[in-house]
Structure formats: structure tokens, C-alpha cells
Amino acid sequence: MSKDAHGLPETRTWRDIPQQVRPRAMSHEGRRRLVMGAIRAAMGAVAVGAVAWGAFEMAAVLRENAAAMPDTAKSDRVRSLVLVTDGVLDKNWLARTLAIPGDATLMGLDLIKLRSKILGDAQVSFATVDRNFPDTLTVRISERSPVARLMAKSGADPARMLLVARDGVAFAGTGFDAAMVASLPWLDGVRLVRRGAAIAPIGGMAAVADLLASAKLEAESLYRTWQVVSLARLASDGEIDVYTRGGMRIVFGANENYLRQIARLDLLIDVSSDPTRPLREVNLALGAQVPVSYGTAAPTLAEPAPAPDIAAPARPSIALPAFSSFHIDTHREL
Amino acid sequence: MSSKTTFIGAVEIGTSKIVALVGEYTGREMAIIGCGECTSRGVIKGSVVDFRAATECTHTALELAERDAKERIGHVYLAQTGGHLEGFYNEASLNVKAADNMIEKDDIRTVCELAKAKDLPLGRMVVHNIRRPFRVDGRLVPTSPENLVGQKLEVGYWTVHGQEQRLADNIHVIRGFNLEVSELVLSSLASGHMVTSMEERQNGVLAIDIGAGTTDFVLYRNGAPHTTGVVAVGGGHFTNDLSIGLRLTEAQAEKLKLRFGRAVVQARDKSEKVWLDGNFSIGDRQFPRHAIEQITQARAWELLEVVKRKLGQAFAPETCAGGVVLTGGAAKLPAFAVCASKVFGTPARLGEAPSWINENLRDPGYHTALGILYYGVSAQGDRVAAARAKGGFLRNVSRLFAST
């Protein structure tokens with residue numbers, strides 16, 4: 001119970017008198033004692049510090065038994081590159097891309113810079129770079145798969161073929177099988193746009209990729225005849241035009257079920273197997289009502305147009321003869 | 001030397017001399033290992049009036065004591081006297097809280113706080129709170145009343161207070177030597193404790209320390225100090241009276257006082273004369289011995305009367321079986337005890353230091369310093385005991401549970 005609890009007055013005692021005295025007010029002996037006291041305190045502090053430091057050092061020496069402790073890992077030269085990929089790129093591509101000097105040490109490498117170099121190739125969608133001591137650099141990458149191809153031409157440079165992935169990214173395509181590349185349809189009706197040093201992803205490729213994947217899986221025989229896929233009307237009308245090697249134009253609705261459209265197409269081709277009246281145009285974008293046009297002569301095979309200019313890509317040149325129009329109701333059959 | 005050994009200093013800044021003692025306390029016993037003494041300057045009636053002079057003298061005494069002890073003092077217990085010191089009695093009572101009327105520590109603490117709490121005038125500070133015995137339902141309890149059964153607990157404190165500036169002056173004199181003042185001790189308590197026995201204090205005894213500038217007194221009852229006081233009259237006044245009465249210089253009067261002064265007139269022959277120097281030197285004079293004795297007796301009588309008056313009703317021959325014990329340098333005046341006996345109506349004697357004190361320090365002029373040293377040792381012992389009591393795992397654990 002304190003005095004405050006009782007509301008008692010606080011009585012001042014002689015202990016409230018401050019005992020601090022300035023050195024100037026001290027006698028000679030008092031100042032001498034003060035200085036000696038300070039020196040003793042300082043020496044004591046130094047002694048304590050020295051003992052503590054000594055103990056720390058001793059403990060460190062005992063802890064780090066030199067004979068038992070392995071040496072610290074030293075960084076060696078990079079002797080091997082390891083590539084882990086889900087695609088077709090190989091170690092040569094990696095060495096070429098990274099261009100690591102022969103005398104570079106593992107610790108001396110700038111992993112962020114190396115990763116940037118790898119991602120500079122648009123074929124790579126994801127990459128990690130790790131040091132594996134003592135001398136191995138491990139690179140893990142995830143590659144893009146092409147779903148179509150296009151010809152690009154920039155200025156006076158010769159036209160070059162680019163592959164296009166599902167996410168719309170166009171890339172040169174290294175290490176792919178030539179037959180596989182040759183089986184990819186050409187893209188038409190796209191406008192390439194630069195973004196920095198690369199090409200901006202092409203819009204609407206997800207829809208095209210879905211269509212092509214459905215066709216390849218469900219009706220590969222039809223897919224193999226597809227030569228050009230045009231995106232010209234995708235954004236405006238929601239329709240994808242496919243031109244076959246036989247000169248037929250197939251219009252797919254981007255908002256319709258692709259499987260159903262492909263099934264209707266397959267049925268149409270089956271029921272219209274008269275070689276004298278080949279199909280010229282099939283519009284599958286209108287649902288159950290499928291307008292078709294028949295030709296009168298055998299279609300002429302046409303190769304895709306030369307490489308389009310990157311600024312204003314030209315459509316592949318496909319010869320389309322005149323045809324008459326019919327409507328076939330495929331509702332009942334489907 | 002044990003690691004527990006401490007070197008305690010005891011300093012008395014007196015009007016005629018400054019004494020410093022060094023005690024070596026080992027935790028079990030104490031030895032006085034150094035003594036320093038210096039003629040006082042700058043101190044009048046126990047108060048510092050010339051700081052520089054008083055500081056020089058005090059520091060000289062401390063240096064001499066340290067040199068004598070060949071050790072450095074850690075802290076100092078300082079004697080406190082002077083006419084500015086006053087005392088008053090205040091008591092408080094409390095109804096015991098517990099249902100079974102058993103007195104607890106809380107009751108004791110509360111009643112003590114109540115008894116000690118009293119507003120002092122501006123500029124006054126408490127020097128000592130001297131507790132008188134407890135009373136439980138009117139029954140005297142000299143020790144702690146804890147666990148006794150009663151309804152009403154009473155206690156009283158004799159509070160000694162002094163003027164702040166004068167207390168601070170004394171402390172600053174010591175601090176100028178870069179020493180800490182651990183405790184201020186009343187001169188009367190210090191010297192009184194040295195010259196009285198436990199039995200005398202139990203039966204009641206009055207100790208009067210007659211210094212050069214002041215006279216300190218303490219009345220013991222029931223084994224504890226009951227009343228203290230300071231009269232600003234001392235041996236110097238005897239000298240002054242002789243100087244004025246016989247038209248002498250201070251030094252001559254002092255010489256006559258020491259050689260022929262008495263507290264009770266003894267000379268039968270009024271025509272008996274004594275020489276001032278007695279060496280037949282030029283200027284040597286004769287003075288009537290009866291006159292010298294009359295002057296010193298009158299002053300001694302008056303001084304003791306003042307003490308008696310200040311004690312008032314607190315003193316009664318019936319409650320003071322131990323009588324009066326005189327100490328201090330001026331108490332060496334012959335027949336002072338006889339004079340005291342007549343004034344107080346009780347037996348009186350000249351105080352003596354305990355037998356274990358060295359012959360060189362048995363003079364009454366050292367009793368105060370010795371008493372302070374004794375006080376310091378007791379305080380040191382209490383501190384060690386308190387530290388021991390404070391510690392201890394089981395005690396701390398029990399406190400933890402008690403607080404919850």
C-alpha cells in the first residue's frame with residue numbers, strides 16, 4: 001500500500017538532495033579521485049572487453065577445428081551446361097544463346113542476364129537458370145508449340161517463315177521436324193505489329209488453335225487438306241476462313257462449337273462426293289443451315305502467297321473459281 | 001582480503017575539529033584501520049559558514065585517514081549536528097484489518113506510513129525518523145507486532161528535520177572529495193550509542209554530547225531513542241564567557257578553561273589566584289581561581305538546564321534509571337558529571353568508549369565518529385541481510401504466488 005493510496009503528503013528527506021557535484025567544485029584530491037575512478041572504469045571496461053573478445057576468439061577456434069572442417073567451396077570454371085526442356089531445343093542452341101566465355105567461373109555468371117538471353121528467343125516461354133556447384137550450369141526451359149505458320153517480310157530483307165504458337169507469339173522455330181512444320185497451315189489476314197525488338201502476339205490465335213486442334217484430332221484427313229487459315233474476318237464477323245488445297249473455302253464460326261461444325265463439314269463432303277460438282281464454299285458459321293456452293297470444274301491447286309510484308313501482310317494467293325450457291329439443311333442428320 | 005570487505009568512512013565535521021575514521025568491514029567484524037584529524041575552520045556551531053575552508057579541512061582529514069589506512073574509502077557516513085536540527089513527535093493508530101485481529105505486515109506498514117507522513121515547512125527536510133515502540137491495544141511491543149492479536153495498532157515517530165541548505169552544504173563538502181554520502185547520522189545518536197549500554201538504554205538514559213559549538217542529546221527509553229535535540233551552545237561558549245569575564249583573548253581563555261575550569265565550584269579560598277601561563281614570562285597575569293570556576297559553573301549549569309528544558313516532560317528521573325551520560329570534548333571539564341547529577345536529579349557519569357576501542361580513540365572527542373562508524377557497520381550488515389532476504393528462489397516463488 002503506497003502513500004498515494006492513503007493520500008499522504010510526500011515528505012522530503014535529505015536523500016532528495018542531489019549529490020552530483022561538478023568537477024570544478026571539487027578539491028584537487030577529489031578531481032584526482034574522479035579521474036582515477038574514470039581511468040579505472042575505462043580499464044575495467046577494456047579488460048572485460050578483452051576477455052570477452054578472447055573468449056569469443058577461443059570459442060571460434062575451438063568451433064572451427066581446421067582439420068575437421070571442409071574448405072570453403074571455391075567457384076570453378078563452368079565446365080558443363082545442362083538443359084532440361086519439354087521441347088526440341090538442344091544444348092547447341094543453349095551454348096549458342098548463352099555464349100559463355102571459356103574462362104567464366106560459375107560464381108562470376110550473371111544469372112539474370114543469362115535468363116534474359118534465353119527468354120530473348122520467343123520459342124522459350126519460361127526459363128530458370130541454376131548454379132550447381134562446383135562447375136555446372138543448369139537451365140530449365142518450357143518451349144512454345146507451333147499451331148500455324150506465316151511468312152514475314154521486313155523491308156528489304158528476304159521473307160522468312162515464322163511459326164505461331166497458341167498464345168499468338170511468332171517465333172523462328174529452331175529444331176522442329178521439317179515434315180511437321182510443312183504440315184502446319186499458313187496464316188492469312190493478320191497484321192504483324194512490332195513491340196520493341198520482337199513481334200507482338202497475334203490476336204485471336206487461341207480460337208484458331210482450338211479449331212486446328214479439334215480438326216487434327218477429330219478429322220485429320222480433312223485437316224491435312226487445309227492450307228490457309230485466314231483471320232481477316234475473325235475480329236469483325238467472328239468467322240475463320242479456311243482454304244483447302246483443293247480450293248474450297250470453309251467458313252467456321254468462332255463462336256460455334258468447332259466439333260459440331262467439323263462434323264457437319266465431314267457430312268457435307270461425304271454427301272457431296274460427286275466429282276463433277278466439287279464443293280467450292282461451305283459456310284458453317286450459320287448453325288444448322290449450311291450454305292454451300294458447288295463449282296463446275298476441278299479446282300486448281302495453289303501454293304500460298306509469297307511471304308507477306310510484315311507491315312502489310314498479303315494474303316496467300318489462292319485461285320477461287322466462280323461458283324453457284326446452294327443451301328443444305330444438315331439439321332436432321334446431325 | 002575477502003571479496004566482501006568494504007572500507008567505510010565516518011566523518012564528523014565539528015566546530016573545533018574534523019575527524020575522519022576508516023573502518024574495514026569484512027561482513028562479520030569491523031576494524032578501525034585509519035584515523036585522520038584536522039583543526040576545523042569555516043564551521044560555526046556545527047554549520048558550514050566558509051565552504052572553501054571547511055572543504056579543505058575535511059579533505060585533509062579524509063586524506064590523512066586514507067593514508068593511515070592505506071586504503072581508499074568507498075563511501076562515507078556523515079555526522080549531522082547544528083542548531084537548525086529540530087524534532088517533533090507524531091503518532092498514528094490503525095484498526096487491525098484481519099477478521100481474526102491478527103496483525104499483518106500490511107497493517108504495520110500502513111500505520112508506520114501514517115505516523116511518518118507529516119508536512120514540513122518549506123526548506124525543511126527529514127534527517128531521521130526514529131520509531132518508538134509499537135502499542136497493541138495499549139500494550140507496549142518493543143519489536144515487531146506481526147502476528148500478534150489485537151484490535152488497535154499504534155506507533156509513534158520522532159522525526160528529526162533540518163534546514164535543506166545546511167544539510168546540502170555538509171553533503172557537498174564530502175562530494176567535493178568524490179565520495180558518496182551513504183547516510184546522515186545524528187551526532188547525538190552516534191555518540192549516545194557508543195557511551196551507553198543496551199541495559200541502560202532499556203532502563204532509560206540520557207546521553208549528552210557536549211561539543212565545541214553545539215550540545216547534542218538523546219534520551220533513550222525502552223531500548224530505543226525517544227527524544228533527540230541540539231542546543232547551539234558548547235565548549236566554545238565557556239571559553240567565550242571566560243574571555244569576556246576576565247578580559248582575555250580567546251586563546252588565553254581557552255588555556256585557563258582547560259587548566260582551571262570546573263563545572264562545580266571547588267575553591268574555598270576566594271583569594272586564591274592562578275597564573276595565566278605560569279612561566280614567569282612578560283605579560284603573565286594572575287586570576288582568581290574562584291572567579292574562573294564560577295564562570296564555567298554558571299555556563300555548565302545553564303547549558304544543562306537548557307537541555308532539561310528542551311526535554312520537557314519526556315525526561316523524568318523515574319523513567320531514566322540509567323541516569324545521565326556525558327560525552328564530547330567539553331564534557332572533560334572537571335565535575336561536569338556532578339553538575340549534571342544536580343541539574344537532572346539522577347546519577348551522572350562521564351561516558352567511556354567500549355573496551356575494544358583502541359586507546360588512542362578513547363577520548364570523548366572521538367565518540368561521535370566512532371558511533372557513526374558503528375552505525376555504518378550496522379547499516380552495512382542490514383543491507384547484506386536485506387539483500388540475502390530479497391534473493392532466494394523459493395522466496396521469490398512464494399512472493400509470486402502471494403502477489404497473485
Side-chain angles (χ1 to χ4, degrees), chain A residues 1-70, chain B residues 51-52 55-60 62-63 66 72-73 75 78 80 90 92 94 97 105-107 109-120 122-129 157 159-184:
Chain A
M1 201 179 293
S2 67
K3 282 189 177 184
D4 291 340
H6 295 291
L8 300 176
E10 283 291 334
T11 313
R12 296 174 72 218
T13 73
W14 71 270
R15 290 192 185 279
D16 296 327
I17 297 170
Q19 291 208 22
Q20 288 81 22
V21 174
R22 284 172 299 180
R24 210 173 52 185
M26 287 183 176
S27 65
H28 175 72
E29 178 61 19
R31 277 196 293 273
R32 196 181 69 80
R33 288 172 66 97
L34 184 69
V35 171
M36 291 301 289
I39 290 171
R40 268 205 303 274
M43 284 172 66
V46 168
V48 168
V51 168
W53 180 73
F56 177 77
E57 286 293 317
M58 186 67 78
V61 167
L62 292 174
R63 198 168 52 242
E64 298 169 6
N65 183 357
M69 280 292 283
Chain B
F51 186 80
R52 194 182 183 84
T55 301
E56 278 178 13
C57 296
T58 308
H59 292 187
T60 303
L62 281 165
E63 275 186 65
E66 281 194 335
R72 288 168 68 87
I73 302 169
H75 51 269
L78 179 63
Q80 189 60 51
N90 193 37
L94 181 86
K97 281 190 303 187
K105 272 185 182 164
D106 257 3
D107 297 322
R109 194 164 56 237
T110 305
V111 77
C112 288
E113 281 179 3
L114 288 168
K116 281 192 283 188
K118 181 132 178 146
D119 269 335
L120 293 176
L122 198 66
R124 305 292 294 183
M125 283 184 149
V126 171
V127 179
H128 272 300
N129 277 311
Y157 273 89
T159 300
V160 181
H161 56 97
Q163 202 173 329
E164 181 177 350
Q165 286 82 4
R166 297 201 192 178
L167 297 173
D169 285 343
N170 279 15
I171 290 169
H172 290 155
V173 165
I174 300 297
R175 286 297 297 151
F177 200 67
N178 196 30
L179 274 175
E180 188 191 344
V181 177
S182 290
E183 195 75 55
L184 285 184

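Each chain gets a letter, A, B and so on, in the order its sequence line appears, and its residues count up from 1. Excluded from the calculations below are hydrogen atoms, water molecules and symmetry mates; all remaining heavy atoms, backbone and side chain alike, are included. Computed from a predicted structure; not experimentally measured.
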**OP:** Locate the shortest heavy-atom distance separating Leu120(B) from Arg12(A); write the atom from each residue and the value.
**Re:**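 Where Leu120(B) meets Arg12(A) most closely, the heavy atoms are CD1-O, 4.2 Å.
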Original post:
If every non-hydrogen atom of His59(B) is compared with every non-hydrogen atom of Ser27(A), which pair is closest and at what distance?
Top reply: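 In terms of heavy atoms, the two residues are closest at ND1-OG, 2.6 Å.
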Subject >> Electrostatic pair Glu63(B)-Arg32(A), nearest N-O below 4.0 angstrom >> reply: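 Looking at Glu63(B) and Arg32(A), the cut-off is not met.
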Subject >> Val173(B) versus chain A, the contacting section by heavy-atom distance below 4.5 Å >> reply: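 No part of it gets close to chain A.
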Subject >> Interchain contact, Glu66(B) with chain A, by part (heavy-atom threshold 4.5 Å) >> reply: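 Looking at Glu66(B), just its side chain touches chain A.
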Original post:
With a cut-off of 6.0 Å (strictly less than), are more than 12 heavy atoms of other residues, nucleotides or ligands near CZ of Arg52(B)?
Top reply: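 Count not over threshold, so no.
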**OP:** Go through Gln80(B), Glu180(B), Glu56(B), Arg72(B) and name the one with the most non-hydrogen pairs under 4.5 angstrom from chain A.
**Re:**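 So the answer, after comparing Gln80(B), Glu180(B), Glu56(B), Arg72(B), is Arg72(B).
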**OP:** Determine the option with the most heavy-atom pairs under 4.5 angstrom with chain A, choosing from Thr159(B), Leu184(B), Ile171(B).
**Re:**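 Answer, by heavy-atom pair count under 4.5 Å with chain A: Leu184(B).
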Original post:
If you round to the nearest 0.5 Å, how far is CD of Glu29(A) from CG of Leu179(B)?
Top reply: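 The CG atom of Leu179(B) sits 9.5 Å away from the CD atom of Glu29(A).
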Subject >> Rounded distance (nearest 0.5 Å) linking atom OG1 of Thr13(A) with atom NZ of Lys116(B) >> reply: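 The NZ atom of Lys116(B) is 10.0 Å from OG1 of Thr13(A), to the nearest 0.5 Å.
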Please tell me if the side chains of [X] and [Y] come closer than 4.5 Å, counting only heavy atoms from C-beta onward.
| X | Y | answer |
| --- | --- | --- |
| Glu164(B) | Asp16(A) | no |
| Asn178(B) | Met26(A) | yes |
| Trp14(A) | His128(B) | no |

Subject >> Whether Arg15(A) side chain and Ser182(B) backbone form a donor-acceptor pair below 3.5 Å >> reply: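 Yes; at least one donor-acceptor contact below 3.5 Å.
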